[in-house]
Amino acid sequence: MGYLQGQDLQIRGRLFSSNSRLPPGSSVQLIDARERIRSVTPSEKGEYQFENLYPGPYLIRVMQISQPLWSQSLDLQKNLIHLDRKSTR
């Protein structure tokens, strides 16, 4: 009998802008290769986290209400990926 086992990979980050305040209605979306979307609301400090991920390609997107503010493609592997980008707004 076969089964799929969840992976212990995660993506964590922190949103910040030039004025150190998050825009109201901010969220972070993670879109996998099958176009499934996970969405989280960052903490007051701008921190977010996605857990139980499989290796592979993803798109991470920062949204304000329904408008995309920033996006980045990444290939998640079993190593550390650090995205250090400031908001473009």
Side-chain angles (χ1 to χ4, degrees):
M1 179 165 83
Y3 61 93
L4 291 176
Q5 183 175 353
Q7 296 293 319
D8 194 23
L9 299 177
Q10 60 181 319
I11 295 174
R12 291 185 291 159
R14 184 173 67 91
L15 301 179
F16 55 93
S17 64
S18 58
N19 65 5
S20 300
R21 295 184 7 219
L22 289 178
S26 295
S27 66
V28 181
Q29 295 180 338
L30 185 67
I31 305 163
D32 68 16
R34 298 172 103 183
E35 297 187 10
R36 293 178 292 195
I37 299 173
R38 294 189 195 188
S39 184
V40 296
T41 301
S43 72
E44 290 179 10
K45 295 179 181 179
E47 298 167 337
Y48 64 90
Q49 181 171 332
F50 295 97
E51 298 178 314
N52 300 317
L53 301 174
Y54 289 91
Y58 289 88
L59 176 70
I60 190 164
R61 182 167 54 196
V62 177
M63 304 288 291
Q64 181 181 11
I65 305 175
S66 61
Q67 298 296 317
L69 298 178
W70 176 85
S71 64
Q72 175 73 44
S73 297
L74 58 94
D75 189 10
L76 185 62
Q77 300 298 321
K78 292 187 177 187
N79 57 6
L80 180 64
I81 297 174
H82 180 74
L83 297 175
D84 187 13
R85 305 264 179 145
K86 293 184 179 181
S87 170
T88 56
R89 279 195 157 170

Trainee: I need the Leu22 CG to Arg14 CZ distance, nearest 0.5 Å.
Mentor: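 So the CG of Leu22 and the CZ of Arg14 are separated by 9.0 Å.
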
Trainee: Please give me the minimum heavy-atom distance between Ile31 and Arg61, naming the atom from each residue.
Mentor: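 For Ile31 versus Arg61, the nearest heavy atoms are CD1-NH2, 3.0 Å.
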
Trainee: Evaluate the criterion side-chain contact (heavy atoms from CB on, under 4.5 Å) for residue pair Ile60 and Trp70; output intermediate values, then yes/no.
Mentor: CA-CA 8 Å; Ile60 190 164; Trp70 176 85; 3.9 Å; yes

Trainee: Check the hydrophobic clustering (I, L, V, M, F, W, Y; side-chain heavy atoms under 4.5 Å; chains of links allowed) and say if Leu59 and Ile37 are grouped together.
Mentor: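 As far as the 4.5 Å side-chain criterion goes, Ile37 and Leu59 are connected within one cluster.
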
Trainee: Applying side-chain contact (heavy atoms from CB on, under 4.5 Å) to Arg38 and Val40, what does each step give before you reach the verdict?
Mentor: CA-CA 7 Å; Arg38 294 189 195 188; Val40 296; 6.0 Å; no

Trainee: Is Asp32 close to Tyr54 at the side-chain level, that is, under 4.5 Å between some pair of heavy atoms?
Mentor: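 No, their side chains stay 4.5 Å or more apart.
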
Trainee: Return yes if a side-chain donor-acceptor contact under 3.5 Å exists between Gln49 and Glu51, otherwise no.
Mentor: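 Yes, a side-chain donor-acceptor pair sits under 3.5 Å.
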
Trainee: For the residue pair Gln77 and Gly56, what are the closest heavy atoms and their distance?
Mentor: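 Scanning both residues, the minimum pair turns out to be NE2-N, 4.5 Å.
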
Trainee: Rounded to the nearest 0.5 Å, what's the gap from CD1 on Ile11 to CG on Leu76? Could you check?
Mentor: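 Those atoms lie 5.0 Å apart.
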
Trainee: What are the two closest non-hydrogen atoms of Leu15 and Pro42, and how far apart are they?
Mentor: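 Closest heavy-atom pair between Leu15 and Pro42: CD1-CG, 3.7 Å.
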
Trainee: Drop me the distance from Tyr48's OH to Arg12's CZ, to the nearest 0.5 angstrom.
Mentor: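 So the OH of Tyr48 and the CZ of Arg12 are separated by 11.0 Å.
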
Trainee: Taking a hydrophobic cluster as the set of Ile, Leu, Val, Met, Phe, Trp and Tyr residues connected by side-chain heavy atoms closer than 4.5 Å, whether directly or through intermediates, do Met63 and Tyr58 fall within one such cluster?
Mentor: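 No, it is not one cluster - the side chains of Met63 and Tyr58 are not joined through contacts under 4.5 Å.
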
Trainee: Mind listing the closest non-hydrogen atom pair of Gln29 and Ser39 along with its distance?
Mentor: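 Closest pair (atom of Gln29, atom of Ser39, distance): CG-OG, 4.0 Å.
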
